[in-house]
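Report on one structure; see the data block that follows.
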Amino acid sequence: MEKKFFRKKTIFFPQLISGIFLCYVSIDNFIGGPLREFLTQYFDLDDFGSNSREESLYYIIFFIGLFQIIISIQIFFQPVIEIKNGKIALKTKEKILSVIKDVDEVLDIKEQERDIINFIFQDKSYTVVIKHLNREELDPIFRQIKSVNQE
């Protein structure tokens with residue numbers, strides 16, 4: 001059984017677009033691009049770097065945009081739950097990296113809240129947020145894992 005469960009990409013697409021826009025605005029101001037020249041027509045702007053508050057503001061805007069882009073790209077390519085070759089990889093709240101265990105080690109799968117599922121293994125339990133996943137695809141797989149492990 002091989003299955004990957006990704007977050008719904010349409011939900012995070014606006015975050016990617018806003019990250020790109022924020023990075024564009026800040027880079028444009030760093031290099032004195034067309035947006036900065038347009039703003040100098042209406043505001044009294046000196047060369048970039050002459051005002052430390054303005055400079056730090058655009059660096060903050062750049063890093064916020066870069067952070068949004070990185071998170072969006074990660075969401076597009078990294079699955080929340082992946083089942084492959086008898087292993088299950090979970091993107092959990094407790095660990096930064098994915099948790100990889102054997103599917104046979106799953107003792108139970110319990111729903112903690114509506115959007116949070118608790119995978120109980122022999123040694124520890126892990127919490128997975130499934131808020132932006134398709135529940136209709138998840139439920140049959142969870143039932144199959146439970147039935148295999150209860151035998």
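All values derive from a computational prediction rather than experimental measurement.
- Each side chain to side chain donor-acceptor pair (under 3.5 Å) pair with one or both residues in residues 12-24, not counting sequence neighbours, appears once here: Ser18-Gln68.
- The CG atom of Asp102 sits 4.0 Å away from the NZ atom of Lys87 when rounded to the nearest 0.5 Å.
- Phe12 and Ile130 fall into different hydrophobic clusters, where Ile, Leu, Val, Met, Phe, Trp and Tyr are joined by side-chain heavy atoms under 4.5 Å apart, directly or via other members.
- In this structure, Phe119 and Val99 have side chains that are not in contact, with every pair of non-hydrogen atoms separated by 4.5 Å or more.
- Looking at Leu16 and Ile69, their side chains come closer than 4.5 Å, going by heavy atoms from C-beta outward.
- For the pair Phe121/Leu107, no side-chain contact is recorded, criterion being any heavy-atom separation below 4.5 Å from C-beta on.
- Tyr58 places a side-chain heavy atom less than 4.5 Å from the side chain of Val25.
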Any chance you could lay out the side chain to side chain contact (heavy atoms under 4.5 Å, CB included) test for Glu82 and Ile88, step after step, and finish with the verdict?
CA-CA 6 Å; Glu82 180 179 4; Ile88 186 166; over 6 Å; no
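- Between Ile116 and Glu111 there is no side-chain heavy-atom pair separated by less than 4.5 Å.
- Put simply, Ile70 and Tyr59 are part of the same group of oily side chains (I, L, V, M, F, W, Y) that touch within less than 4.5 Å, one to the next.
- Remark: of the listed residues Ile17, Ile60, Ile64, Ile64 is the sole one forming a side chain to side chain contact (heavy atoms under 4.5 Å, CB included) with Leu22.
- Taking hydrophobic clusters as Ile, Leu, Val, Met, Phe, Trp and Tyr residues chained together by side-chain heavy-atom distances below 4.5 Å, Ile75 shares a cluster with Phe67.
- Within a 6.0 Å sphere centred on CZ of Phe76, heavy atoms belonging to other residues, nucleotides or ligands number more than 12.
- Nearest heavy-atom pair across Lys91 and Pro79 is CB-O, 4.2 Å.
- Pairs passing the side chain to side chain donor-acceptor pair (under 3.5 Å) check and including a residue from residues 121-133, sequence neighbours excluded, read Glu94-Thr127, Lys101-Asp123.
- The distance from atom OG1 of Thr92 to atom CG of Leu97, rounded to the nearest 0.5 Å, is 9.5 Å.
- Grouping the Ile, Leu, Val, Met, Phe, Trp and Tyr side chains by contacts below 4.5 angstrom, directly or via other members, places Val80 apart from Val129.
- Note on Ile27: it does not cluster hydrophobically with Ile20, by side-chain heavy-atom contacts below 4.5 Å among ILVMFWY residues.
- Nearest heavy atom pair, residue Cys23 against residue Gly65, reads SG-C, 3.5 Å.
- To the nearest 0.5 Å, atom CD1 of residue Ile109 and atom CD1 of residue Ile81 are 8.0 Å apart.
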